[in-house]
Amino acid sequence: MEIVGRVPSEPGHAPPAPPPPAAYEGTWRFTAPALDSSVPQARRAVRELLVHQRAPVDEELVESLLLIASELVTNAVRHAALLSPEIAVEVSLSRGWVRIAVEDNHPYRPVALMADQGGTGGRGLLLVTAITEEAGGVYDVDHTASGGKVVWAALPLPGATTSRPPSR
């Protein structure tokens, strides 16, 4: 009897097993109040996680990730706090990628605006997009089942060989 859809292997030639997860791989999530004080706390938590997990990141990538975390948390605090008194920050490390995501309960998708020359704000998403594109990463917004959103950026780790970032 032959099993349809399965390619029989030659004797002594088993299909290659997928590589075991790297010690640093995983997903971590923490919540914080939608307050300005949560921005430096998020930066500190992301840095400490990367160090604790011994993620294969260089200082340039760490700085990029911290800036992304700062901007995404700042946007959630400034623009979603009324509908989302608490935000969630998620860091996912996989073979080849690191993903920073910030979730809030506000339904509207953020828009990167060109700020005027004299303005001191309004460039956060432009920075996130530029950093992500320069690193060869991906930036997007997903809606949650509860009607909120998750804004995220995934950057490749140094020496990454996989072309797809981790999915949510």
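At least one side-chain heavy atom of Ile68 sits under 4.5 Å from a side-chain heavy atom of Leu155. Side-chain contact between Tyr24 and Leu157 is present, with at least one heavy-atom pair separated by less than 4.5 Å. When side chains are defined from C-beta on, Trp28 counts as touching Gln53, because their heavy atoms get closer than 4.5 Å.
Placement of Val151 and Leu35 in two distinct hydrophobic clusters is found when ILVMFWY residues are connected by side-chain heavy-atom separations under 4.5 Å, directly or transitively. By the criterion of side-chain heavy atoms lying less than 4.5 angstrom apart, applied directly or through intervening Ile, Leu, Val, Met, Phe, Trp or Tyr residues, Val141 is grouped together with Val89 in one hydrophobic cluster. Two different hydrophobic clusters hold Leu72 and Leu127 under the rule that ILVMFWY side chains link at heavy-atom gaps under 4.5 Å.
Interatomic distance, OG of Ser84 versus NE2 of His79, reported as 13.5 Å (0.5 Å rounding). Here Leu125 contributes atom CG and Arg109 contributes atom CZ; the two are 10.0 Å apart, rounded to the nearest 0.5 Å. Atom-to-atom distance recorded for His106:NE2 and Leu82:CG is 7.5 Å, nearest 0.5 angstrom.
For Glu59 and Arg47, the salt-bridge test passes: some basic side-chain N is under 4.0 Å from an acidic carboxylate O.
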Report the C-alpha separation of Leu66 and Glu63 in whole Å, then their side-chain angles, then the decisive distance to 0.1 Å, and conclude whether the side-chain contact (heavy atoms from CB on, under 4.5 Å) test is met.
CA-CA 5 Å; Leu66 296 179; Glu63 290 304 317; 4.2 Å; yes

Check step by step if side-chain contact (heavy atoms from CB on, under 4.5 Å) holds for Val62 and Val46.
CA-CA 9 Å; Val62 170; Val46 169; over 6 Å; no

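Here the shortest heavy-atom pairing between Ile131 and Ser64 reads CG2-CB, 3.6 Å. Here the closest heavy-atom approach between residue Pro156 and residue Leu61 is recorded as O-CD2, 3.9 Å. The two residues His143 and Pro107 make their nearest non-hydrogen contact at CE1-O, 3.4 Å. Closest approach of Ser70 and Arg43 over heavy atoms only: OG-CD, 2.7 Å. Thr132 and Ala154 get closest at one heavy-atom pair: CG2-O, 4.1 Å. Nearest heavy-atom pair across Pro158 and Pro56 is CD-O, 3.2 Å.
Partners of Glu86 by salt bridge (Lys or Arg N to Asp or Glu O under 4.0 Å), not counting sequence neighbours: none found. Arg44 meets the salt bridge (Lys or Arg N to Asp or Glu O under 4.0 Å) test with no other residue; sequence neighbours excluded.
Of the listed residues (Thr144, Asp142, Asp104), just one forms a side chain to side chain donor-acceptor pair (under 3.5 Å) with Lys149, and that residue is Asp104.
For Glu90 (side chain) and Thr27 (main-chain N/O), no donor-acceptor pair under 3.5 Å exists by modelled atom type. Of the possible polar contacts, one joining the Ser38 side chain to the Pro33 backbone as a donor-acceptor pair under 3.5 Å is found.
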